[in-house]
Student: 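Quick one: the structure is below, and I'll ask about it shortly.
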Amino acid sequence: MLRPREAVRTLPSYHPPLAGRDGMRLDFNENTVGCSPRVLERLRRLGPEQLARYPEREPVEVVVAEKLGVAPPELLLTNGVDEAIHLLSETYLEPDDEALIVVPTYSMYRIYAMAAGAEIVTVSAGKDFQFPANDLCKRITSRTRLIAIANPNNPTGTVASGDELLRIARLAPGAALLVDEAYFEFYGQSVLAARIEAPNLFVARTFSKAYGLAGLRIGVLVGEPGQMAAVRRVSSPYNVNAVALACLPEALRDQDYIQQYVAEVRESRSRLEQALEAGGIQFWRSHANFILARVGGASPFVELMRRRGILVRDRSSDTGCEGCVRITLGPQAHTDRLLTALQETLEEIGLGQGASWR
Ligand SMILES: Cc1ncc(COP(=O)(O)O)c(C=O)c1O
């Protein structure tokens with residue numbers, strides 16, 4: 001039996017619960033209705049030649065760069081944001097460097113940084129999961145080489161301000177600061193413009209969430225052109241597949257679809273917040289397409305919801321999230337079903353009584 005590297009031997013395995021996801025999937029923060037019909041039309045027109053050839057990323061990078069208002073050398077299309085995190089870890093982390101993350105947050109920062117042999121330094125979120133800017137700044141050292149921040153954060157939905165993020169970038173010029181804007185469309189604010197002032201700043205976006213293309217695996221990483229040239233060296237030239245590359249321009253063209261979906265999610269977010277408030281259930285105001293709520297026994301809650309045909313995610317083992325579940329939001333029809341199931345489930349476990357939810 002071959003012996004994996006030390007960093008890999010000690011790596012925790014991460015198994016998101018992907019099996020048997022039958023029902024209404026409010027468990028992975030995906031688009032709950034799927035992508036624009038124009039993308040499906042494009043898919044149907046794919047021919048054998050497109051599948052036979054190695055995919056060419058650059059022409060689509062030009063389209064995405066224009067959409068984001070950046071120059072093509074500043075941008076790399078990636079196999080989801082996950083690959084962007086992986087590439088940054090491989091590009092900047094030496095064994096025993098420090099990678100700084102706020103907890104709770106998205107799991108893959110820790111995993112890729114650990115796989116590169118880095119030491120993970122965690123900073124706990126503040127009261128009500130507020131972004132701990134001061135605590136984080138205090139933990140920056142000469143060994144800090146990667147700082148990864150999801151903005152909005154998953155699973156809390158909370159945000160850091162642009163000023164806080166720029167301050168961190170300036171305080172840690174020797175570290176790559178990744179601001180992961182996977183939920184950008186639901187929040188509407190970005191630090192992309194700050195890249196001019198902070199050459200160590202990287203911004204990642206995904207097409208897995210609002211765009212409904214999680215299955216295609218496509219995201220984008222933006223950074224200073226010189227840094228991006230280094231990141232590109234680590235990447236496979238064929239990291240994004242031909243199907244994703246064919247579909248992405250069509251997805252970008254249908255902005256009406258995205259705007260309408262985001263408006264529906266925001267409306268659903270308000271409805272769920274109101275319902276949780278009325279039911280006396282603790283939750284945290286979210287800037288993303290999900291809400292974290294404390295329901296007590298998260299595991300039985302998830303099971304009772306599943307029996308009602310709705311999948312939600314148990315987040316109770318995340319730091320500070322005891323008894324919490326994360327619920328993804330979709331359009332109104334899904335929220336109608338969600339609120340009905342939620343009310344019944346909370347009544348069944350003796351919570352949220354007395355409130356009328358619909
Ligand atoms: C903060 C954050 N970043 C990245 C991802 C993964 O994005 P992708 O599907 O583009 O790899 C997720 C998915 O849940 C996420 O919550």
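All ligand and atom numbering here is 1-based and tracks the order in the structure.
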Student: Enumerate the residue pairs fulfilling salt bridge (Lys or Arg N to Asp or Glu O under 4.0 Å) with a member in residues 109-133, sequence neighbours excluded, ordered by first and then second residue.
Tutor: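 Sorted result for residues 109-133: E119-R143.
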
Student: Could you tell me which non-hydrogen atom of A288 sits nearest to which non-hydrogen atom of R269, and how far apart they are?
Tutor: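 Closest approach of A288 to R269, heavy atoms only: O-NH1, 2.9 Å.
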
Student: Output yes when R44 and E41 qualify as a salt bridge under the 4.0 Å nitrogen-oxygen rule, no when they do not.
Tutor: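 Not counted as a salt bridge, because no side-chain N and carboxylate O are separated by less than 4.0 Å.
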
Student: I'd like the residue list for ligand 1, meaning every protein residue with a non-hydrogen atom under 4.0 Å from the ligand.
Tutor: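 Around ligand 1, where the cutoff is 4.0 Å for heavy atoms, the contacting residues are G80, V81, D82, Y106, Y109, A150, N154, D180, A182, Y183, T206, S208, K209, R217.
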
Student: When you compare the side chains of N153 and T105, does any donor N or O come within less than 3.5 Å of an acceptor on the partner?
Tutor: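 Yes, T105 and N153 have a side-chain donor paired with an acceptor closer than 3.5 Å.
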
Student: Please enumerate all residues that pass side-chain hydrogen bond (donor to acceptor under 3.5 Å, both in side chains) together with D135, with sequence neighbours excluded.
Tutor: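 Applying side-chain hydrogen bond (donor to acceptor under 3.5 Å, both in side chains) to D135 gives none.
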
Student: Table please: side-chain donor-acceptor pairs of residues 58-65 below 3.5 Å, with sequence neighbours left out.
Tutor:
{"residue": "E61", "atom": "OE2", "partner": "R57", "partner atom": "NE", "Å": "3.2"}
{"residue": "E61", "atom": "OE2", "partner": "L77", "partner atom": "N", "Å": "2.8"}

